[in-house]
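Working notes, beginning with the structure itself.
Letters A, B, ... are given to chains in the order of the sequence lines, protein chains preceding strands, and every chain is numbered from 1.
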Protein chains: 2
Amino acid sequence: MDGPIRRRRARPATYHHGDLRAALLGAAETILERDGIQALTLRAAARAAGVSHAAPAHHFDDLTGLLSELAAVGFVRFGVRVAAATAAAAGGPRSRLQAMGRAYVAFARAHPGLFQLMFRSERLDATRPALRDGLAAAGQALRRAVAARASRALSPGQVAAEAAAAWSLAHGFAVLLLDGRLRPLIAALPRGGSADALLEAVFAVTRVGRGTAPARPRR
Amino acid sequence: MDGPIRRRRARPATYHHGDLRAALLGAAETILERDGIQALTLRAAARAAGVSHAAPAHHFDDLTGLLSELAAVGFVRFGVRVAAATAAAAGGPRSRLQAMGRAYVAFARAHPGLFQLMFRSERLDATRPALRDGLAAAGQALRRAVAARASRALSPGQVAAEAAAAWSLAHGFAVLLLDGRLRPLIAALPRGGSADALLEAVFAVTRVGRGTAPARPRR
DNA sequence: CCGCGATCTAGACAGTGACAAGATACGCAT
DNA sequence: ATGCGTATCTTGTCACTGTCTAGATCGCGG
């Protein structure tokens with residue numbers, strides 16, 4: 001504890017921190033991923049950054065502000081990951097959509113605390129510019145992945161339906177997986193499969209966007 | 001407020017409440033649905049029930065206990081609803097699975113606070129007998145709905161995959177809907193559709209369990 | 001070089017969960 | 001019925017939290 005290159009706390013030489021905002025965000029993310037979302041408090045972040053308990057208020061107005069800014073960086077990071085994965089996916093639009101789903105779940109598993117924070121909307125303030133932008137960026141990445149499918153002239157309603165289906169499937173899988181609710185289903189897989197194996201099995205079983213017409217399984 | 005048949009608080013006649021446990025659970029649910037999950041505190045529940053701030057600890061050990069017991073009643077209620085809806089669904093196993101999804105989302109919309117609490121696992125204690133039983137009951141209801149599809153001799157792995165797919169789709173849709181994230185998609189529907197319309201459109205577009213073989217779209 | 005504003009500290013207050021100790025009354029054994 | 005053990009409930013307290021206020025320190029532009 002108290003590494004040698006820690007900013008203050010050892011020597012209170014510099015009254016001003018220099019880049020406290022970024023330091024607080026970093027400390028907050030560390031606490032979030034290590035101790036869970038309920039341990040992420042304004043004072044804990046201030047302690048970790050080596051500043052007084054009231055310092056964070058000057059950069060983020062209140063706790064909602066800190067959480068919102070942190071969620072915002074999560075959303076942009078998320079959008080970048082998803083966009084990169086879908087762009088790098090070879091094959092048709094269907095495999096691209098699956099790549100998006102894989103990236104979605106992979107992000108949730110890599111940053112579980114951040115992912116949960118991003119969807120803890122009652123503690124966030126979506127009107128904050130940073131969060132608003134992050135949400136827009138992530139939403140655009142998702143929309144782009146689905147829109148690639150729309151090449152065959154789908155109606156806006158059908159595009160919305162497919163987007164909702166793909167998004168719901170990926171998000172539900174990620175949430176249930178993080179909650180440990182899918183564990184029995186994973187155990188039911190042959191050879192005691194992994195979460196990835198279950199996701200692939202889900203892809204194999206679902207046919208989102210296989211055909212355009214809602215009814216009539218013809219063709 | 002302060003209905004005439006309120007237990008105490010008006011006359012501190014009865015030192016003992018009589019049925020404080022149920023009263024606290026009722027008050028807690030009221031607070032949860034009216035003011036949100038962050039307003040649901042031990043002391044707030046105690047105030048609403050007209051008892052001292054330390055009284056709840058004797059029935060639920062701590063806040064986690066209260067939340068867990070409330071989530072447990074949510075799960076049994078949820079299981080009953082889902083089981084009833086799937087049992088009442090006419091038609092084949094596919095329409096029964098859709099009925100389950102509809103009931104799933106309908107429950108989330110009818111009791112948003114309770115639904116969110118049920119999946120706020122970091123604040124719950126799954127080892128509590130009541131919550132353990134509630135989880136088991138709800139899980140059984142879901143498993144039964146999926147198992148009906150398994151009549152055509154599916155492998156356990158495929159059953160798990162279909163269960164994960166159906167559950168993820170329903171859960172993700174419910175969560176995203178409660179968060180308001182699906183609003184733009186709903187607006188994109190023809191004639192400014194509703195959430196129900198979007199769910200039906202999702203059903204029409206997805207073909208979970210349409211066939212057992214993963215590849216080959218041939219029918 | 002000065003002073004103004006941004007940054008950070010120190011202190012205080014109300015609200016929270018949790019714990020301890022005491023008051024009350026229910027219900028069971030006799 | 002009656003007395004007592006114990007579950008139930010109250011009061012008081014403590015550490016911790018978010019938020020507000022006032023003051024200290026420093027950086028930067030005039």
Side-chain angles (χ1 to χ4, degrees), chain A residues 6-28 31-32 34-71 117 120 122-125 128, chain B residues 6-28 31-32 34-71 117 120 122-125 128:
Chain A
R6 206 41 160 292
R7 201 49 169 177
R8 299 172 36 75
R9 172 66 54 171
R11 293 172 306 141
T14 63
Y15 193 92
H16 284 30
H17 184 287
D19 195 11
L20 183 54
R21 183 191 161 86
L24 284 171
L25 282 177
I31 295 171
L32 176 62
R34 188 190 49 198
D35 304 324
I37 195 171
Q38 72 283 357
L40 176 49
T41 138
L42 270 182
R43 295 170 107 104
R47 274 193 298 268
V51 293
S52 86
H53 64 258
H58 293 275
H59 295 273
F60 322 94
D61 303 327
D62 49 8
L63 179 60
T64 298
L66 173 61
L67 299 182
S68 300
E69 300 292 320
L70 188 53
L117 173 65
R120 207 61 115 239
E122 86 271 8
R123 313 207 62 180
L124 304 180
D125 178 11
R128 285 205 156 234
Chain B
R6 205 41 159 293
R7 201 52 171 177
R8 298 172 38 77
R9 173 63 54 171
R11 294 172 306 140
T14 63
Y15 192 92
H16 284 29
H17 184 287
D19 195 12
L20 182 54
R21 182 190 163 85
L24 284 172
L25 282 177
I31 296 170
L32 177 62
R34 187 191 47 197
D35 305 324
I37 197 172
Q38 71 283 359
L40 176 48
T41 139
L42 272 180
R43 293 170 110 104
R47 274 193 296 271
V51 294
S52 86
H53 59 94
H58 293 273
H59 294 273
F60 322 94
D61 303 328
D62 49 9
L63 179 60
T64 298
L66 173 62
L67 299 182
S68 300
E69 300 291 320
L70 189 53
L117 173 65
R120 208 59 119 238
E122 85 271 6
R123 314 208 61 182
L124 304 180
D125 178 11
R128 286 207 155 232

>> I need the CG-C1' distance between D61(A) and dC20(D), as an integer number of Å.
In response: 13 Å
> Is any side-chain heavy atom of V51(A) closer than 4.5 Å to a side-chain heavy atom of L20(A)?
Replying inline: yes
> Where is the tightest heavy-atom contact between A71(A) and L117(A), given as atom of each residue plus distance?
Replying inline: N-CD2, 4.0 Å
> Can you check the F60(B) CZ to dA18(C) P distance for me, whole Å?
Replying inline: 13 Å
> Does the side chain of R43(B) get closer than 4.0 angstrom to OP1 or OP2 of dA14(C) through an N or O atom?
Replying inline: no
>> Could you tell me how far apart D19(A) (CG) and dT7(C) (C1') are, to the nearest whole angstrom?
In response: 13 Å
>> So if I apply the side chain to side chain contact (heavy atoms under 4.5 Å, CB included) rule between D35(A) and each of L32(A), I37(A), I31(A), which one comes out positive?
In response: I31(A)
>> Could you tell me how far apart Q38(A) (CD) and dT16(C) (P) are, to the nearest whole angstrom?
In response: 19 Å
> Just to confirm, is there a sub-4.0 Å distance from OP1 or OP2 of dC9(D) to any side-chain nitrogen or oxygen of H59(B)?
Replying inline: yes
> Rounded to whole angstroms, how far apart are CG on L67(B) and P on dT16(C)?
Replying inline: 14 Å
> Does the side-chain contact (heavy atoms from CB on, under 4.5 Å) test come out yes or no for R21(A) and E69(A), once each step is laid out?
Replying inline: CA-CA 10 Å; R21(A) 183 191 161 86; E69(A) 300 292 320; 2.8 Å; yes
>> Is the phosphate of dG18(D) approached by T41(A) (side-chain N or O, under 4.0 Å from OP1 or OP2)?
In response: yes
> To the nearest angstrom, how far is L42(A) atom CG from dT19(D) atom C1'?
Replying inline: 9 Å
> Which pair of heavy atoms, one from L40(B) and one from L70(B), lies closest together, and at what distance?
Replying inline: CD2-CD2, 3.9 Å
> Is any side-chain nitrogen or oxygen of R47(B) closer than 4.0 Å to OP1 or OP2 of dT16(C)?
Replying inline: yes
> Can you tell which of dT9(C), dA18(C), dT10(D) lies closest to the side chain of H58(B)?
Replying inline: dT10(D)
>> Side chain of H53(A) only, heavy atoms from C-beta on: which candidate in dA18(C), dG11(C), dC8(C) is closest?
In response: dG11(C)
> Which nucleotide in the list dG12(D), dC9(D), dT19(D) gets nearest to the side chain of L20(B)?
Replying inline: dC9(D)
> Rounding to a whole Å, what distance do you find between R21(B):CZ and dC26(C):P?
Replying inline: 21 Å
> Rounded to whole angstroms, how far apart are NE2 on H17(B) and P on dC26(C)?
Replying inline: 14 Å
